[in-house]
Amino acid sequence: MPVLLMLMGACISLAAAAAIYISYRPALSIWHETLLSDEFTAGAGVTDWQQYLAREDALFRQLDAEIIQRVPAAARTRFNRFSAGSRSDPAQWPVNWNRSFEWTVHDARFGVLLLHGYSDSPYSLRALGEALHARGGQVLGLRIPGHGTAPSGLRLTTAEDMNAAVALAMAHLHRELPGKPVIIVGYSNGAALALHHTFAAINAGRAERPAALVLISPEVGISPVAALASWQAWIGEILGTAELAWDSIEAEFDPFKYNSFAVNAGAQAYRMTQLVQAQISAVAAAGRLKEVPPILAFQSEADATVTATAVKRELFDRLESDDAELVLFDVNRVFETEGLVIQPAGFDTALAGPPHRYTVSILTNRTPQDLAAVVRRRLPMADAVTTEDTGLSWPRDVYSLAHIALPFPPEDPLYGDGRATRLNSLNLGRAVLRGEKGRLEIPDSAMTRQHWNPFYPYMESRILAFVDRAVSGR
């Protein structure tokens, strides 16, 4: 009897805590609650790329019929991506970048698979895709399952679903370009998918592997707290409270990125990091690390989404090849000198200590009082550090990059600095708007995080040179 009473008391306390928690959260909307059954899954019986596209077509028809056409009148605001004709409606763009795309080229030199991050869409790697296509690459931008439609898509999508979609896209590129090298460019969770596919191919002894990997803000490690996210959703199911399936419930004003985040997404992101690290360990145990293709990675020291130091510790420090480079973006040291930024920690010894098997580069201020940016580089197994001018500078009002900023050039029409944005068009990357809090239709927080990369030209030039070397076999 005492045990029963204790269980009843625990349940009552849990229900009370959940009720209090939910009372402070926004209400769920149709785009949080409606599950789209036409989404791709690993067990859907889809066996080739054309079938994937056909299913995607059906999925977007379902999105229109079951969500967009049913949005309540009160929710049809000027900055709701699910309100047809709004300033956030993806259909207002010449191309709906939420969809998978493929750019062919006559006699392509190489193939490119673009893998976006969690809650993103193929839009996030559009600019890099255009540059690589102009270089002679056949470019495929994959809409990863669960993305590009409604935030509810992340409630059920699993790591297995995402990995299966990547395998389909890679098989398609290899069939289309027999004997040609295929490069994977992965951003955030897309980088984890790229690594998983590569190491799984090595472990399985498959001949068709990526010729090289470009990783941007790679999701190699995240907080273990994310692994507990599924418990929150489980409790929500027991109590019948759908709100507990969500880590955050936000206004959906971004046409190409979800702002709300399902707890399942956090749990699956953590699973991806564990799967990647298990694959790396298996390759190492088999003595096959030298089969890992060349890797070029870019990581900001200031990253609130992934564990930045894990990129070095869990990936680069384990490699056995000198065909790898880790490029780190420092914080703006002028702000640190002024006492406004917490001193960076974790990468301060990257250019010191015992030599690495890989190249380490850090883009940083020329001096702590100078906004001009230089790159300090240490080659594999070398002690000397060289310095290279970039011709670029920190914007005076930017104190660091952000996880979401790296893939976007300043001229990006949605996330850039405003130079390429038409009057009355949505822009999320301009300088912070100034005024009283609580008076913007877009949350204040959306205007404070850095959305674009002032050093994008440097990053793009490094990627193009890296791909050229990989394609030529040098």
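Remember, it's a predicted structure, so these values are computed and weren't measured experimentally.
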Test item: side-chain donor near acceptor, [X] and [Y], under 3.5 Å:
{"X": "Asn453", "Y": "Tyr415", "value": "no"}
{"X": "Asp303", "Y": "Gln299", "value": "yes"}
{"X": "Asn365", "Y": "Asp330", "value": "no"}
{"X": "Glu301", "Y": "Ser400", "value": "no"}

With Arg109 via salt bridge (Lys or Arg N to Asp or Glu O under 4.0 Å) - residues at least two apart: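 With sequence neighbours excluded, Arg109 shows a salt bridge (Lys or Arg N to Asp or Glu O under 4.0 Å) to Asp468, given in chain and number order.
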
For Glu388, which residues count as a salt bridge (Lys or Arg N to Asp or Glu O under 4.0 Å) partner, sequence neighbours excluded? Arg377

Heavy-atom check, side chain of [X] versus side chain of [Y], under 4.5 Å:
{"X": "Asp254", "Y": "Tyr123", "value": "no"}
{"X": "His451", "Y": "Phe408", "value": "no"}
{"X": "Thr198", "Y": "Pro210", "value": "yes"}
{"X": "Ser217", "Y": "Thr305", "value": "no"}
{"X": "Tyr456", "Y": "Leu128", "value": "yes"}
{"X": "Glu460", "Y": "Pro409", "value": "no"}
{"X": "Arg76", "Y": "Asn80", "value": "no"}

To check you understand the geometry: which heavy-atom pair defines the closest contact between [X] and [Y], and what is its length?
{"X": "Trp452", "Y": "Gly416", "answer": "CD1-C, 3.5 Å"}
{"X": "Thr157", "Y": "Gly146", "answer": "OG1-CA, 3.3 Å"}
{"X": "Ser300", "Y": "Leu406", "answer": "CB-CD1, 4.0 Å"}
{"X": "Ala212", "Y": "Ala470", "answer": "CB-CB, 3.7 Å"}
{"X": "Tyr270", "Y": "Ile222", "answer": "N-CD1, 3.4 Å"}
{"X": "Ala84", "Y": "Ile68", "answer": "CB-CG2, 4.4 Å"}

Please confirm whether the ring centroid of Trp394 lies under 6.0 Å from the ring centroid of Tyr399. no

May I have the step-by-step check of side-chain contact (heavy atoms from CB on, under 4.5 Å) for Thr359 and Val327, ending in yes or no? CA-CA 8 Å; Thr359 298; Val327 180; over 6 Å; no

Please step through ring-ring contact (aromatic ring centres under 6.0 Å, His included) for the pair His403 and Tyr187, ending with a clear verdict. CA-CA 10 Å; His403 179 83; Tyr187 164 51; 5.7 Å; yes

For the pair Phe455 and Phe329, name the ring-plane relationship: parallel under 30°, tilted 30 to 60°, perpendicular over 60°.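 Ring orientation, 0 to 90° scale: parallel.
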
Hey, can you tell me if Phe82 and Trp31 have their rings parallel, tilted or perpendicular (30° and 60° cut-offs)? parallel

Which atom pairs, donor and acceptor, lie under 3.5 Å between side-chain atoms of residues 52-63 and protein residues at least two apart or in another chain?
| from | atom 1 | to | atom 2 | distance (Å) |
| --- | --- | --- | --- | --- |
| Tyr52 | OH | Arg143 | O | 2.5 |
| Arg55 | NE | Asp38 | O | 3.1 |
| Arg55 | NE | Glu39 | O | 3.1 |
| Arg55 | NH2 | Glu39 | O | 3.3 |
| Glu56 | OE1 | Ser100 | OG | 2.9 |
| Glu56 | OE1 | Arg143 | NE | 2.8 |
| Glu56 | OE2 | Arg99 | NE | 3.4 |
| Glu56 | OE2 | Ser100 | N | 3.0 |
| Asp57 | OD1 | Arg99 | NH2 | 2.3 |
| Gln62 | OE1 | Ser37 | N | 3.2 |
| Gln62 | OE1 | Asp38 | N | 3.0 |
| Gln62 | NE2 | Ser37 | OG | 3.0 |
| Gln62 | NE2 | Glu66 | OE2 | 3.2 |

From Ile295 atom CD1 to Leu319 atom CG, the distance as rounded to the nearest 0.5 Å: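 It comes to 5.0 Å.
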
Look up atom CD in Gln277 and atom CD in Glu314, then write down how far apart they are to the nearest 0.5 Å.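 Those atoms lie 4.5 Å apart.
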
His32 and Ser152: CA distance, side-chain angles, deciding distance, side-chain contact (heavy atoms from CB on, under 4.5 Å) verdict: CA-CA 5 Å; His32 298 112; Ser152 59; 5.6 Å; no

Should we say atom CZ of Phe79 is surrounded by more than 12 heavy atoms from elsewhere, each under 6.0 Å from it? yes

Got a sec: does the CZ of Arg206 have more than 12 other heavy atoms crowding it under 6.0 Å?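 Buried by this count: over 12 neighbours within 6.0 Å.
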
Phe298 pairs by side-chain contact (heavy atoms from CB on, under 4.5 Å) with which of Val311, Ile463, Leu215, Leu326? Ile463

Considering only distance and modelled atom types, tabulate donor-acceptor pairs under 3.5 Å from the side chains of residues 165-184, sequence neighbours left out.
| from | atom 1 | to | atom 2 | distance (Å) |
| --- | --- | --- | --- | --- |
| His172 | NE2 | Glu102 | OE1 | 3.1 |
| His172 | NE2 | Glu102 | OE2 | 3.0 |
| Lys180 | NZ | Ala108 | O | 2.6 |

What pairs with His147 under ring pair (Phe, Tyr, Trp, His ring centres under 6.0 Å), at least two apart in sequence or on another chain?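 Partners of His147 under the ring pair (Phe, Tyr, Trp, His ring centres under 6.0 Å) test: His116, Tyr118.
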
Does the pair Glu160 and Arg271 meet the rule for a salt bridge (charged side-chain N to carboxylate O under 4.0 Å, His left out), with working shown? CA-CA 10 Å; Glu160 288 75 17; Arg271 282 194 63 223; 2.5 Å; yes

What pairs with Glu130 under side-chain hydrogen bond (donor to acceptor under 3.5 Å, both in side chains), at least two apart in sequence or on another chain?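 Glu130: side-chain hydrogen bond (donor to acceptor under 3.5 Å, both in side chains) contacts with Arg126.
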
